[in-house]
Structures are given as structure tokens and as C-alpha cells.
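Contents: one structure, followed by commentary.
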Amino acid sequence: MIAKTKVTEVQVYRRSATVTRCGEATLKEGRNTLFVQGMTQSAATDSFKLKFPEKVRAINIQIVNIDALGKDEVKESDRLKKEMDEVSYQTEICQLMMELRKTNSDFSERTNISIEEQEKVMEALPEQLLKLHKEQELLNDRMTKLTEEQGKALTEEEKPLIMVELQAEEEGTVPFVLQYQDKESGWTPKYEIQYSGDDRPLEVSMKAQIRQASGEDWKQVKVTLYTGNPSVSRDLPVLPVVELSLYEPPKVRARAKAAEANAMVLDDAPMMGAGMMEEADVAPLMMDMAEVSEEETMTAFILPNLRDILSDTDGNIAVLQNFSVKASYRVLSIPGVDTDCYLTAEVVPAEWPLPAATAAVYIRDTFAGDVYVDPTTDTERITLSLGQDERLTVVRTEAPKKTQDVFLKNVKRKTCKSGIKLMNTSSEAVNVLVKDQLPVSTEKSITVEPAQLSNGAVDEETGEIRWELRAEPGQEILLDVEYTISWPKDKRLDERRKAVGPRVRYCPTCGAKVFGKFCPECGSVV
């Protein structure tokens, strides 16, 4: 007996899913052989589990293909093929009848038929042909539908079957459940961040983009999303042995020196509005949020209502949670690197309750771009970019550098000056963070002495200068930076710029770029 199943529930992890299917089987008292359909090509065949009522016991269970069916079982594709042959035969008969009707209405070579009989035949002919034509159309439609059904049946018969031999205590129809792991499923968190003003918190909506490529649409199923992956089978970490030995520097060959020189040269290389429609009386489309459940090892989001999860599409979107997070806003300006200014928001990681993910930023309902949010960072605050801010204009100018020899100290001294002019062109006060740079000495014989920093705070390790300001409407702020560099007169001063940025890693599981602790695509710990 072949028992069909239907998907009723899926538990989706970041890189897989547990699929639950339900079905019914009519059993006789005693021994029964049942062929359970349902597992897809993407299913992990060694992960399936069958559940039957207590009065039913399993004698033998194994994975087979469609050829294992007994002689008494008829494959669905064979049944459909037989029906298609019958429809084809009926279509052929219908066509012959139409040709026969047309032939019988030809009286050009027949003289023994009266005019009255000819008129009678000709009057009945249109209705007869129309009836046959409609019958032929119905047969063609039936053939098209059967062809589609046979294609689906053939695809279904390519999937693995579960053959289970059962011992039933009594005759009757019993329900059963089939569960298995689907390897071509998962979900990715997506945030939407809404900025509405400096005096309001960030409004955050966490959504899930659910994907599955099982080749089967999951229709009207209960869906639960988990923030992690099943990881019981992973090897436990092992503490490595730390060995100590005396260091002996390798002998440098001439060729290696040349390669090192080339590497130094490479290090010196530089690092590489539309009109709006008239707004209607509408509001953003709202969706019911998920129910949050804290499990033993991960968080579960139980989606409300039954839903369709279509195969081979990225359009399965669900809203998991909406929340507000307090933020400190200010405009960031680094005129030595970029003449544009950027609105930023600083938030406390502990107040961001959800995992790391990419976020779409909206400034007063206008899309401003994407930003990566990682609440697992070790820093006290996370700085999020909310896009370019045009309320401020910033200009940085540099005066010509002056170099002179200091004869008594046998050193050279270079004086560097620059100025920053900041203008608030908006009608509201703006908090601003301006950054500039002092060079950092890596040699004791090189000294950097600030002369004028306009009360900026200096990071001794990186040389970064910071000004935290409040620009009033229409206010112009001037910042001056002046410093001197001294170095031995008989040496040449080498200045190189070191690129500083987030450390990029790659997920060993899916290969995506990772900036924090978790992969934004598959959720793996990196």
C-alpha cells in the first residue's frame, strides 16, 4: 500500500529544516507492508523518523525506490499513462467522426438522394460538428491536465520511499507522522531601521527571509524559526598544546630581500534625488509578529497563522519582532578622508536583543542604504551609519609644509598646518564629531609635537584627533591643526598610510564575509 503525506509543520534553522508530514494508512489485522511517500530529493535520508499509534509495531524499515513496489501496487504514473491512452483513443474516434460527418454531407457524386434528405442532413450537420468539436476540446484539456499530473507523478516517483513492515493489533485507518531533515532550507535575519529624528529612538523591525529548495511548495504549514543550527554532532573543542622553543632568525637571502622591498612598495600604494509622488493616505503594511520562545540552546520564533513557503524563491518574508532602541545621534565628519558628512547612531549592544545581520536603513521613510549590525561586539557601544547628512558643509585646507634644519640639534624639522571650516546650513542644532589625524612615530628618533589643536582630544596610540561639538543653526566653526615633525638630519623621513578598518573574515561554512562573531548568512559561529 502506498501512503501519501502532506507537510503540516516546518522548523527552520539557519541552514536546514525539520519537516513534519502527516498521513493516514488503512491497515488490516496482522502484518502489513506500507510504502510512505513524502521525502524529497533534498532530504537527509538517514534522518527520518516515523510515528504511529501504540497499537502498531514496526517489524522492518528501509529506504527503497519505486521499483520495490509489489505486483499488486500500481504506480501513479502508470495509472495516468493508461488514462492518457484512453483519452487519446477517444480523441482519435472524435476526429474520425468529424471527418465521417463531413464526408456524408458531400452529395456531388450521389444521385439517389432526394433534395429533402440532403436538406435534412445539411441542417443537422453544423450542430453535430459543433458537438464533436466541443467534445474534442474537452478531451484536449483532459489530456493537458493528465500530462501535467503524470509529470508530477514521475517527479514524485524519483523521490525516496520508506518501506515499513507493520504489525497491527486490529483493522482500521490510523494516522501517522513522518519527520526528516531538509538540507536545502534555511533563513537569514534582515533588519529595518527607521530614524525619525534626533529626539526619538531607533525603531527596529527584524524580519526573516526564508528559503527552501526542496522542489515542493509547503502550503499552509506551521512555521517556527530557530536562531541557530543543530550542532550536537559537532566535535567538542580541544585545548591545543603550547610549545616553547628558542627563536633563531632565518638567514635572509638576497632574493628574499628583494621580495621584501617589493612588499614595502606595495604597502605605500594608495587604497582604492528623484521627484516624489503625491503622498496618499496610506501607512506601512503591518504583519503579525512572531511569538518568541527561549529554548535551551537557541531562540525560537513561532510565526502566527499558517503560511505558504514556496520552493526556489527568496520572497518568503516574515516579521519576527519589532522593538525600539535608545540611540545617541551625531554627524560624523572626517574631512581629511571624505568631504561628505554622515549621520550616525550609537547604541548599547545589550539593548539590541537579536542576532547579527544586515539592516536596511530608512530616514523618515526614505531608504538610505544597508548597514551591518553586530550586537556581539566587545565594544561598549555600536556605531551605526544612517547615511549621508547634508545639513553640514565641511572644507579642509592645508598650508604648504615648511622644512628647516636645526643645526645645534643636528635634526630636520617640518611644520604642518591645516584648517577645517564647518558650517551648519540647517535650521536646527546638530551634534558633530570631527576627526583629523596626527602622524604617529614608530622610531624614537622621530618626534611629533602638536602646536595647535583647537582643544581637540588626541589618541596617543593612533594619533586621532577628536572634536565633539554642537553646531547651532547657521554657525560657522573653525578648527586649526598645527604640529612639527623632527628627525635626524642624515636620515630620510618615510611617511606611509596604514589602512585601518574592521577585520574581515570569511565563514568556513558558506564563505560569506564575517565582521563579528556570527556569520550573517548561515548563523555559524566563526
Side-chain angles (χ1 to χ4, degrees), residues 261 263-272 330-344 346 379-381 383 385 388-389 391-424 430-472 475-503:
M264 293 178 64
V265 173
L266 290 174
D267 287 342
D268 288 335
M271 299 291 290
M272 301 297 302
R330 56 187 174 185
V331 177
L332 172 65
S333 174
I334 310 179
V337 178
D338 193 338
T339 57
D340 293 327
C341 299
Y342 298 89
L343 178 63
T344 64
E346 288 189 350
T379 58
E380 294 183 359
R381 301 181 74 84
T383 301
S385 172
Q388 186 175 339
D389 196 318
R391 292 177 294 178
L392 301 178
T393 59
V394 179
V395 178
R396 184 179 186 274
T397 58
E398 287 193 17
K401 295 180 174 62
K402 297 180 180 180
T403 304
Q404 60 181 358
D405 294 338
V406 182
F407 294 102
L408 296 178
K409 295 185 178 181
N410 201 28
V411 298
K412 281 188 175 183
R413 178 176 295 165
K414 180 166 65 174
T415 302
C416 304
K417 293 182 179 180
S418 61
I420 298 173
K421 182 170 70 173
L422 181 147
M423 171 68 76
N424 182 0
V430 179
N431 294 321
V432 189
L433 172 61
V434 182
K435 293 184 180 182
D436 207 278
Q437 192 76 34
L438 289 178
V440 177
S441 172
T442 59
E443 302 285 346
K444 291 183 178 181
S445 57
I446 303 174
T447 59
V448 179
E449 298 177 357
Q452 172 62 266
L453 298 180
S454 296
N455 296 322
V458 181
D459 187 320
E460 299 293 340
E461 184 177 347
T462 64
E464 180 183 275
I465 313 171
R466 295 167 58 97
W467 293 273
E468 297 186 12
L469 311 168
R470 184 170 178 82
E472 298 297 331
Q475 182 182 7
E476 182 179 279
I477 299 176
L478 299 177
L479 303 173
D480 294 317
V481 176
E482 180 179 350
Y483 59 91
T484 60
I485 306 174
S486 302
W487 71 96
K489 182 179 179 181
D490 59 342
K491 301 293 183 180
R492 179 181 175 181
L493 186 66
D494 180 37
E495 180 179 316
R496 68 173 64 183
R497 297 189 179 274
K498 180 181 178 182
V500 179
R503 185 165 65 96

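Note that the structure is predicted; figures quoted are calculated from it, not measured. For this chain, numbers begin at 1 and follow the sequence in order.
In this structure, the side chains of Leu493 and Lys412 stay at 4.5 Å or more apart for every pair of heavy atoms. Counting heavy atoms from C-beta on, the side chains of Pro450 and Val458 never come closer than 4.5 Å. When side chains are defined from C-beta on, Lys417 does not count as touching Gln452, because their heavy atoms never get closer than 4.5 Å. Proximity of Leu478 to Lys421: side-chain heavy atoms (C-beta onward) are separated by under 4.5 Å at one or more points. With a 4.5 Å cut-off on side-chain heavy atoms, Ser441 and Trp487 do not count as touching.
Between Ser418 and Arg396, the shortest heavy-atom contact is OG-NH2, 3.6 Å. Pairing each heavy atom of Ser333 with each of Val394, the nearest pair is OG-CG2, 3.5 Å. Summarising the geometry of Glu472 relative to Asn424, their closest heavy-atom pair is O-ND2, 3.1 Å, with the distance given to 0.1 Å.
Remark: of the listed residues Leu433, Leu343, Val432, Asp338, Leu433 is the sole one forming a side-chain contact (heavy atoms from CB on, under 4.5 Å) with Leu332. Paired with Leu392 under the rule side-chain contact (heavy atoms from CB on, under 4.5 Å), one option of Val331, Ile477, Asp340, Val434 passes, and it is Val331.
Using modelled atom types, no side-chain atom of Thr344 and backbone atom of Thr383 make a donor-acceptor pair closer than 3.5 Å. The backbone N or O of Thr462 sits less than 3.5 Å from a side-chain atom of Gln437, completing a donor-acceptor pair.
Within 6.0 Å of CG on Asn455 lie no more than 12 heavy atoms contributed by other residues, nucleotides or ligands.
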Distance-only donor-acceptor pairs under 3.5 Å for side chains of residues 464-471, two or more places apart:
residue, atom, partner, partner atom, Å
Arg466, NH2, Glu468, OE2, 3.4
Trp467, NE1, Leu453, O, 2.9
Trp467, NE1, Ser454, O, 3.1
Arg470, NH1, Asn431, OD1, 2.8

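With sequence neighbours left out, the side chain to side chain contact (heavy atoms under 4.5 Å, CB included) criterion links Thr484 to Arg413, Thr415, Glu449.
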